[in-house]
Number of protein chains: 2
Amino acid sequence: MSSPRDKSEAATPRRPTMKDVAALAGVSLKTVSRVVNEERLVSEGASKRVRAAVLQLGFHPDERAGNLRRAGRRTDTIGLVVSSVANPFAASVNRAIENAAATRGVALFASSMDDDPEREHPAVDALLRRRVDGLILTTVRRSQSYLLAEQSYGTPFVFVDREPVGIEADAVVSDHANGASTATRHLIEHGHRRIAFLGDRSDIQSARERHRGFTRELGNAGIPSGDAPLIVDLHGDAVAEATAMTMLTSDSRPTAIFSSQNLITVGVIRALRRLGLQHSIALVGFDDLPMADLLDPGLTVVAQHPESIGALAADRLFARLDGDIQPPRTFVVPTVLILRGSGEIVPQTP
Amino acid sequence: MSSPRDKSEAATPRRPTMKDVAALAGVSLKTVSRVVNEERLVSEGASKRVRAAVLQLGFHPDERAGNLRRAGRRTDTIGLVVSSVANPFAASVNRAIENAAATRGVALFASSMDDDPEREHPAVDALLRRRVDGLILTTVRRSQSYLLAEQSYGTPFVFVDREPVGIEADAVVSDHANGASTATRHLIEHGHRRIAFLGDRSDIQSARERHRGFTRELGNAGIPSGDAPLIVDLHGDAVAEATAMTMLTSDSRPTAIFSSQNLITVGVIRALRRLGLQHSIALVGFDDLPMADLLDPGLTVVAQHPESIGALAADRLFARLDGDIQPPRTFVVPTVLILRGSGEIVPQTP
DNA sequence: GTGAAAGCGCTAACAT
DNA sequence: ATGTTAGCGCTTTCAC
């Protein structure tokens, strides 16, 4: 309309580059670079003119281009791979990591793979192609050795919730086995001997650990496994509910249930409600749930601490990025048994 | 150790580049590029040798570098800015968007700003510097006009949950006002006239809309506002609980409560429990909560549909990226009243 | 079919 | 204090 500069005055203007800023400020490219990166070897006058030009053009540096050449070649970006960002446990981990990343100016990719082994590698690859500086992952494949090459280039990995196989790296996990033991012992101490176990998919390491803790504790108490149903490979609340319904209406009805994952617990609660058994059969769940204290009876759980797990995982990742070369280790975050009522129900004599 | 090639044989090997692949395959850089990008103008032999070299070296192309020059210059990356990825509503939206993005090979940055106006702009900027192809945001500042420049460069924005101010762009929102009206009418139809309103921060557009729906419905019923407490600017469940405690132990105790956000509802439920009033005072909440059906009484809510909202927002963003140039519009996703008990309690005569 | 040269937006290294 | 040159890893352009 007014004062057409040149033909680039189109509907979609070009995003200004450092070159544009340099031209407007009447300095060289490098001077703009110095001002933008606060390198402090620029005269007041030049610096002022450059900053004015930056503002006038609305210039924002392209981090990709900068990082391409910059030493270290960081993208200031990390990746997170979890089962699902919609799962409350993963969502809390996600948030804790984001908090730590944000204070360092690092952005976070989050990716869900629904515990599908087929989707783990592609999900990881998608992030690696974007050259994330590091990766925090909850894995489900048999082995994570496909990460060895990337690890050799210096990309750090931190595994959360489950330990990796086929690669050595830091891991941050809950004390799955001991947590399950504690829950089981709690039920035994309340007089139960027929305790059912409802478990997540047995190809998931943490699920196996929880199972192990349960079995071990039964053994310690001299209770033959086989006294009560032991059902694994449940996945999702719908399947868990249906399975619990069947179990609870069968001859082998237990007096107590240990459900080893948050969605499974939800399914079990629904089943107990539908059968009016929530005050008759004891229940302890692994993983806390929002509003678990507001149920009737309150839900007794072995709670993990997702915020701590996420914060610690981020901590380890950034330590590695900062040059920490200690041997990899697994950090175990303790669980805590929270008594709210459902786990303190004593065996009912029918 | 064995056959040291050159001095680059260090502890941390260099990540292989296209150049390395070219050297190993005995072809030029460009030929490798053609094979990697499946440009189909390469002889069988060359193509084969290149693919072998790619595998042998474990070469993965650097997307940043490619996109720097590539026409269109996409990063295949989008950004999401929400209140908190740990909030169940936002987590579901997040997941729905991720699903849509994944099918297109697009990665998703998620960023939380806790409804802090001060953190909105920096959070957005951090994503823009990384040159996301587009942005989906839940905003809290007075105006989003700071995005106008970026919009002029062709970056599409889709606003979720709250409509933007100072910029025209697609928005996907729940029918906040009508949802609140429906909830309020439901309580009125059950005989309530002293209905308290507990609202989120009034600088949040959706919170104001819900408030408006409530007030409008009271008006329609000829109920003077002022008959019951109207408290806004609550934020978080702790504050809501304390406020509800005060209100419920005062002279102006209502017979019903409309709580206009999920965390506020949690606070109100806790307060009702502590006072043993959960079966005496009616409660309808805005936003569904996991396990709301398992409470006693079940929680009656006006439910939003976060999965639909997320899916629709992603849909709009990708449509814009695919060249859709229709005028921006706001898509309203209906809410649904779910009766579970707490909202069907009739007024108690003391 | 293939490759050499130029360039994307920026920073490192070396001028001056 | 500032500019110049080269180059990050890749794609584009255009020549062969």
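So that the names make sense, note that chain A is the first sequence line, chain B the second, and so on, each numbered from 1.
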B:Glu120 and B:Arg141 ion-paired at < 4.0 Å: no

B:Glu168 atom CD, over 12 foreign heavy atoms within 6.0 Å: no

Residue among B:Ile136, B:Leu108, B:Asn99, B:Asn87 satisfying side-chain contact (heavy atoms from CB on, under 4.5 Å) with B:Asn94: B:Leu108

B:Ser83: side chain to side chain contact (heavy atoms under 4.5 Å, CB included) partners, not counting sequence neighbours: B:Asp115

Rounded distance (Å) that lies between atom P of D:dT2 and atom CD of A:Glu39: 13 Å

5'-most by nearest nucleotide on DNA chain D - B:Met18 or A:Ser43: A:Ser43

For atom NE2 of A:His60 and atom P of C:dG9, their distance in whole Å: 16 Å

Whole-Å gap separating P (D:dC8) and CZ (B:Arg70): 19 Å

Closest contact, heavy atoms only, B:Asn67 versus B:Arg74: CG-O, 2.7 Å

Spacing of A:Leu68 atom CG relative to D:dC10 atom P, expressed in whole Å: 9 Å

Phosphate OP1/OP2 of C:dG7 contacted by B:Arg69 side-chain N/O (<4.0 Å): no

DNA chain C contacts made by residues 28-37 of chain B, counting heavy atoms under 4.0 Å: B:Ser28, B:Lys30, B:Thr31, B:Arg34

Nearest-nucleotide pick for B:Pro61, side chain only, options being D:dC10, C:dG3, C:dT2: D:dC10

A:Arg15 CZ - C:dC10 P separation (whole Å): 10 Å

Integer-rounded Å distance: C:dA5 P and B:Lys19 NZ: 14 Å

Least distance between heavy atoms, A:Tyr153 atom then B:Gly58 atom: OH-O, 4.2 Å

B:Asn67 CG to D:dT12 P, straight-line distance once rounded to whole Å: 10 Å

Residue A:Val27, side-chain heavy atoms: nucleotide from C:dC10, D:dG3, D:dC10 that is nearest: D:dG3

Nucleotide nearest A:Ala65 (side chain, heavy atoms from C-beta), chosen from C:dC10, D:dA1, C:dA6: C:dC10

Rounded distance in Å - CD (B:Glu38) to P (D:dC10): 16 Å

Listed nucleotide nearest any side-chain atom of A:Val42, set D:dT12, D:dT2, C:dG9: D:dT2

Minimum-distance nucleotide (side-chain atoms of B:Phe59 versus C:dT2, D:dC10, C:dC10): D:dC10

Cation-pi, A:Phe318 ring and A:Arg316 (6.0 angstrom, 45 degrees): no

